[in-house]
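On a predicted model such as this, the values are computed, not experimentally measured, just so you know. In what follows, chains carry the letters A, B, and so on, assigned in the order in which the sequence lines appear, proteins first and then strands, with residues in each chain numbered from 1.
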Amino acid sequence: MPELPEVETTCRGIAPHIENNTITKIIVRNRNLRWPIPIGLNSKLKNKKIFSVTRRAKYLLIEAEAGTLIIHLGMSGSLRILPTAEVVEKHDHFEIQFKDGICLRLRDPRRFGSVLFVKADPLNHKLLINLGPEPLSDEFNAALLFEKSRKRKTTIKQFIMDAKIVVGVGNIYASEALFLSKIHPKRLAGKLTKEQSKSLSKAIKNILKQAIKQGGTTLKDFTSSDGKPGYFSQKLKVYNRAGEPCLNCDKPIKQITLGQRSTFYCTHCQT
DNA sequence: TTAATCACCTGAGGGC
DNA sequence: TGCCCTCAGGTGATTA
């Protein structure tokens, strides 16, 4: 399930193959993703060159001569570089073919992902314009976390998963970052101390940096652009470890639901 | 403005 | 073996 490190891994994986490459054909096999894939992409992008592949939050931005494709991998999406002749499988919904015989293929079994197209600056798109800072940027820091959390009555876990506060912290890394900073997930955001803000912002940065280094997290669905799984799940300290001993204190990890999402924490270490 | 809930979708896993 | 049910999860839209 792609979170920010998985999207970053994908971005880095596909960029060398498609930057400065020329699109020969776009195939839409199933238009029905989260939002319908726009009609006429092939005529708009055929014979156009791709300039760059970048990432904003969990959105991949593929900038071409005629405009930018905005791709979100949703819950189960993956983008892979393949030979164009590679057999098409059931959930391969979208594909960009290139002059040198490769293709970029989107597979998304649950179809929560999206493929959008804009001619103007993608950062001004309504989905991107109100997003919070990138977690690994200097803009996201303890002071910002403390300031934005004042008077907020939601739990700290739901707060750090809010993309208007900081982008890219999904369910897995939210539990992990709170464990690292020893903060109980049900603590009210408004009650966060300055010291905890410092510890939490640092934990979020560290956990995401580590995950990117390891190539993302593999639980069920994620493989990187070359089809290889990520390895970060081997390092998860609380996520999906309900009942197992805490790596710090040996007390069992507890699972609760917050905001309709599974949440894992140590009742002894996190307060 | 904030918080909570719903909806979208399919595969995995458990129970019978 | 097959059917049914529940769960998982990112995020925009809707409601309170």
Side-chain angles (χ1 to χ4, degrees), chain A residues 1-11 29-37 55-60 70-79 89-94 106-116 118 122 124-132 134-135 145 147-178 185-192 204 208 211 216-223 229-230 232-233 236 238-243 253 255-264:
Chain A
M1 46 203 77
E3 295 208 35
L4 186 137
E6 287 76 10
V7 180
E8 179 65 27
T9 300
T10 300
C11 182
R29 298 192 174 88
N30 185 351
R31 196 171 297 284
N32 300 317
L33 301 187
R34 183 183 174 101
W35 297 288
I37 298 178
R55 177 189 62 74
R56 172 71 174 111
K58 293 177 186 172
Y59 294 93
L60 280 165
I70 303 175
I71 299 181
H72 196 292
L73 299 177
M75 292 290 306
S76 56
S78 62
L79 278 170
E89 298 203 15
K90 188 179 173 186
H91 301 293
D92 293 341
H93 306 309
F94 177 81
L106 172 69
R107 178 175 298 173
D108 187 2
R110 296 181 197 179
R111 293 196 274 125
F112 277 18
S114 54
V115 177
L116 304 166
V118 288
N124 288 329
H125 189 276
K126 65 171 185 174
L127 293 175
L128 280 74
I129 197 163
N130 292 319
L131 292 174
E134 288 289 327
L145 193 59
E147 185 196 324
K148 284 200 173 183
S149 62
R150 294 311 85 192
K151 296 183 182 173
R152 293 293 297 266
K153 291 175 181 170
T154 189
T155 65
I156 188 62
K157 190 202 173 209
Q158 288 169 281
F159 180 74
I160 59 173
M161 287 177 68
D162 182 348
K164 289 195 281 296
I165 305 302
V166 58
V167 301
V169 182
N171 198 42
I172 298 171
Y173 298 117
S175 281
E176 292 297 312
L178 288 167
K186 281 172 88 170
R187 172 173 283 272
L188 294 183
K191 299 282 184 188
L192 206 66
I204 289 171
L208 293 174
T217 300
T218 297
L219 289 175
K220 289 177 185 168
D221 305 309
F222 180 71
T223 54
F232 195 70
S233 60
L236 296 177
V238 285
Y239 188 84
N240 220 14
R241 292 192 64 240
I253 299 297
Q255 178 176 4
I256 56 172
T257 301
L258 278 182
Q260 300 173 307
R261 295 288 176 263
S262 296
T263 304
F264 300 84

Has A:R110 got a side-chain N or O lying under 4.0 Å from the OP1 or OP2 atom of B:dC8?
-> no
Per atom distances to the A:W35 side chain, the nearest of B:dA3, C:dG12, B:dG11 is C:dG12
Measure the CD1-CZ distance between A:I253 and A:R241 for me, rounded to the nearest 0.5 Å.
-> 5.5 Å
Determine the contact category for A:K164: base if any of its heavy atoms lies under 4.0 Å from a base atom, sugar-phosphate if only primed atoms, P, OP1 or OP2 are that close, otherwise nothing.
-> nothing
Which one of A:I71, A:L116, A:L127 satisfies the side-chain contact (heavy atoms from CB on, under 4.5 Å) criterion with A:Y59?
-> A:L127
Whole angstrom is fine here: how far is it from CD in A:Q158 over to P in C:dT11?
-> 15 Å
Least distance between heavy atoms, A:L208 atom then A:G168 atom | CD2-O, 4.2 Å
For A:N171 and C:dT11, what is the distance between atoms CG and P respectively, to the nearest whole Å?
-> 11 Å
A:Q260 or A:T154, whichever maps to the more 5' nucleotide of DNA chain B = A:T154
Here the distance between atom P of C:dG12 and atom NZ of A:K58, to the nearest Å, is 10 Å
Taking atom P of C:dG12 as reference, at what distance in whole Å does atom CG of A:L33 sit?
-> 15 Å
A:I156 atom CD1 is separated from B:dA3 atom P, nearest whole Å, by 11 Å
Between atom CG in A:N130 and atom P in C:dT11, what is the gap in whole Å?
-> 15 Å
Using the six-membered ring for Trp and the full ring for Phe, Tyr or His, decide whether A:F112 stacks on the six-membered base ring of B:dC8 (centres under 5.5 Å, planes under 30°).
-> yes
On DNA chain C, check which nucleotide each of A:V169 and A:T257 is closest to and give me the residue with the more 5' one.
-> A:T257
Hey, does the side chain of A:H72 come within less than 4.0 Å of C:dT11's phosphate (OP1/OP2), counting only N and O?
-> yes
If you look at every strand shown and take non-hydrogen atoms under 4.0 Å, does A:K90 touch a base, only sugar-phosphate, or nothing?
-> sugar-phosphate
Looking for any heavy atom pair under 4.0 Å, which part of the strands does A:R111 touch: base, sugar-phosphate only, or nothing?
-> sugar-phosphate
Quick one: on DNA chain B, does A:K151 or A:N32 contact a more 5' nucleotide (nearest heavy atom)?
-> A:K151
Classify the side chain of A:R261 and the base of C:dG10 as holding, or not holding, a donor-acceptor pair under 3.5 Å.
-> yes
Tightest non-hydrogen contact, residues A:G132 and A:R56, listed as O-NH2, 2.8 Å
In whole angstroms, the gap separating P of C:dT11 from CD1 of A:I165 amounts to 15 Å
Have a look at A:Y59 and say if it touches a base, only the backbone sugar-phosphate, or nothing, with a 4.0 Å heavy-atom cut-off.
-> sugar-phosphate
May I have the distance from A:R31 (atom CZ) to B:dC8 (atom P), rounded to whole angstrom?
-> 20 Å
For A:L128 and A:I70, which heavy atoms make the closest approach, and how far apart are they?
-> CD1-CG2, 4.3 Å
